2 protein chains.
Amino acid sequence: MPTDDPKPDTHQLAADSLKAHGHRYSSARRRIVEALLRIDGPVTIPQLVEADDSLALSSAYRNLSVLEESGVATRVVTPDDHARFELAERVTRRHHHHMICTDCGDVLDFELPESFEDSLDRELHQAGRSATFTIDRHHLDLLGTCSDCG
Amino acid sequence: MPTDDPKPDTHQLAADSLKAHGHRYSSARRRIVEALLRIDGPVTIPQLVEADDSLALSSAYRNLSVLEESGVATRVVTPDDHARFELAERVTRRHHHHMICTDCGDVLDFELPESFEDSLDRELHQAGRSATFTIDRHHLDLLGTCSDCG
DNA sequence: TCGAAATTGGGAATCACTCTTACTTTGATG
DNA sequence: CATCAAAGTAAGAGTGATTCCCAATTTCGA
């Protein structure tokens, strides 16, 4: 049972997080997590349901809210008008940012060098301090055109 | 007529931008720009109409789209489900980022040191290159709690 | 195993936003 | 300075993503 497994047991983590928030890891929720693992990258709920027909639309909306508030999934906000979801960084263990294609709406993940993330954090905390704003997290998005639309 | 006026003639800039896109700077559009100047910080359209009752809701929506595509206003996307608008950086001449209160939904502007913006740009272009993604602009948001909700 | 509590899912309801349409304003032109 | 076509206005209908409702089903602890 390695503690530093590059692919830790996502399902166990999901079950624990849900339980800690008073929810169950039901089969529908597991199917959603499996689809998110499979697809990789923030997806809209219609895309998710398309990827696994056994999911009901209304349950997918409800469950993604539950997964979000339990810290298993993250809601990704983009300029197009579907919400997108991906597994939370708590779960994937990787901090990343998003490249959003303003043409097709697709979202890609990317990472920055850790050293740069550190100086980014320093700058942001500085800014938060001077505005008396308590920082929970940051989002860094690139808006532009992906290679498909380029 | 100083060229480097800290408060350049926003209305002239707005009129020119609109004309360049085949639109007029009508009185309703001027009232919207005036409200955006007065309020400062991204506001929802209901907030805007509240700030100036003479504005009609449907016209406000339509005109903000026109102002956006003419480069006068910018649509700000946040986790709550109202679109927010502010004057474009082209118009204000200041690059800034957003602190978003996840409690009340309010959005504050903040700026980073220019030197840091430069190294940020370098990192992002590096990342864009390796993903074959053409960067148009970036967004850097702080999510957390504002001083009112703290 | 049993029962209470949680979950499911299909369809109705909601609500921010956009479209339609008939009317008004604007400004270029003769 | 009169005309009129293009541009703008605004009230309300329409749209579509998301949420709500609730009866039926599943789950888990005792």
Side-chain angles (χ1 to χ4, degrees), chain A residues 11-12 14-35 42-70 72-85 104-107, chain B residues 11-12 14-35 42-70 72-85 105 107:
Chain A
H11 293 299
Q12 190 58 51
D16 293 347
S17 303
L18 283 165
K19 177 168 288 183
H21 288 258
H23 298 292
R24 296 173 182 167
Y25 195 37
S26 65
S27 80
R29 288 170 191 167
R30 170 181 279 267
R31 272 176 282 142
I32 288 175
V33 170
E34 273 162 1
V43 284
T44 67
I45 287 179
Q47 283 172 344
L48 195 74
V49 170
E50 190 176 11
D52 182 345
D53 298 341
S54 73
L55 296 170
L57 199 58
S58 63
S59 301
Y61 276 105
R62 181 166 25 69
N63 280 327
L64 278 163
S65 290
V66 171
L67 290 169
E68 184 191 12
E69 77 186 41
S70 302
V72 178
T74 305
R75 180 186 306 260
V76 176
V77 171
T78 76
D80 81 3
D81 35 40
H82 279 76
R84 285 168 183 271
F85 290 88
C104 67
D106 216 35
V107 182
Chain B
H11 293 299
Q12 190 57 52
D16 292 347
S17 303
L18 283 165
K19 177 166 288 184
H21 288 258
H23 298 292
R24 295 175 184 164
Y25 195 37
S26 63
S27 81
R29 287 171 189 165
R30 170 180 279 267
R31 272 176 280 142
I32 289 175
V33 169
E34 270 161 4
V43 284
T44 67
I45 287 179
Q47 283 172 346
L48 194 74
V49 170
E50 190 176 9
D52 182 345
D53 296 342
S54 74
L55 296 171
L57 199 58
S58 62
S59 300
Y61 277 108
R62 185 172 21 73
N63 280 328
L64 278 164
S65 290
V66 171
L67 291 170
E68 186 192 12
E69 76 187 40
S70 303
V72 178
T74 306
R75 180 187 304 263
V76 177
V77 170
T78 74
D80 79 5
D81 35 38
H82 280 77
R84 285 168 183 270
F85 291 87
V107 182

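Below, read A as the first sequence line, B as the second, and so on, with proteins coming before strands; counting in each chain starts at 1. Just so you know, these numbers come straight off a predicted model, no measurement behind them.
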S.K.: Between C/dT8, D/dA10, D/dT18, which one does the side chain of A/Asn63 approach most closely?
M.R.: C/dT8

S.K.: Within the pair A/Tyr61 and D/dT19, is there a side-chain N or O less than 4.0 Å away from OP1 or OP2?
M.R.: no

S.K.: Reckon B/Ser26 touches a base, only the sugar-phosphate, or nothing at all at heavy-atom distances under 4.0 Å?
M.R.: sugar-phosphate

S.K.: Would you call A/His82 and A/Gln47 a side-chain contact if the rule is heavy atoms closer than 4.5 Å?
M.R.: no

S.K.: Would A/Arg62 and A/Ser59 count as a side-chain hydrogen bond (donor to acceptor under 3.5 Å, both in side chains) here? Give the steps.
M.R.: CA-CA 5 Å; A/Arg62 181 166 25 69; A/Ser59 301; 3.2 Å; yes

S.K.: Flag the pair A/Leu67 / A/Leu18 as yes when at least one side-chain heavy-atom distance between them is below 4.5 Å, and no otherwise.
M.R.: yes

S.K.: Indicate, yes or no, whether a donor-acceptor pair under 3.5 Å links the base of C/dG9 to the side chain of A/Arg62.
M.R.: yes

S.K.: Return the nearest nucleotide to the side chain of B/His23; candidates are D/dG8, C/dG9, C/dT8.
M.R.: D/dG8

S.K.: Scan A/Arg29 against the nucleic acid and name what it touches under 4.0 Å (heavy atoms): base, sugar-phosphate only, or nothing.
M.R.: sugar-phosphate

S.K.: Considering non-hydrogen atoms only, spot the tightest contact between B/Leu48 and B/Ile32 and give its length.
M.R.: CD2-CG2, 3.9 Å

S.K.: Among D/dT18, D/dA10, C/dC17, which nucleotide sits nearest the side chain of A/Leu57?
M.R.: D/dT18

S.K.: Using the closest heavy atom to pick a nucleotide of DNA chain C for each, name whichever of B/His82 or A/Ala28 lands nearer the 5' end.
M.R.: A/Ala28

S.K.: From CG of A/Asp52 over to P of C/dT8, roughly how many Å is that when rounded to an integer?
M.R.: 13 Å

S.K.: Pick the nucleotide of DNA chain C nearest each of B/Arg84 and B/Ser27; which residue has the one closer to the 5' end?
M.R.: B/Arg84

S.K.: Which nucleotide wins on minimum distance to the side chain of B/Arg24, given the candidates D/dT9, D/dA7, C/dA6?
M.R.: D/dA7

S.K.: Report yes if at least one side-chain N or O of B/Ser58 is closer than 4.0 Å to OP1 or OP2 of D/dA11; otherwise report no.
M.R.: no

S.K.: Starting at atom OH of A/Tyr25, determine the distance to atom C1' of D/dC28, rounded to an integer number of angstrom.
M.R.: 17 Å

S.K.: Where the side chain of A/Lys19 is defined as all heavy atoms beyond and including C-beta, which of C/dG11, D/dA10, D/dG29 is the nearest nucleotide?
M.R.: D/dG29

S.K.: Rounding to a whole Å, what distance do you find between B/Leu55:CG and D/dT9:P?
M.R.: 10 Å

S.K.: Of all heavy-atom pairs between B/Tyr25 and B/His11, which one has the smallest distance, and what is that distance?
M.R.: OH-ND1, 2.8 Å

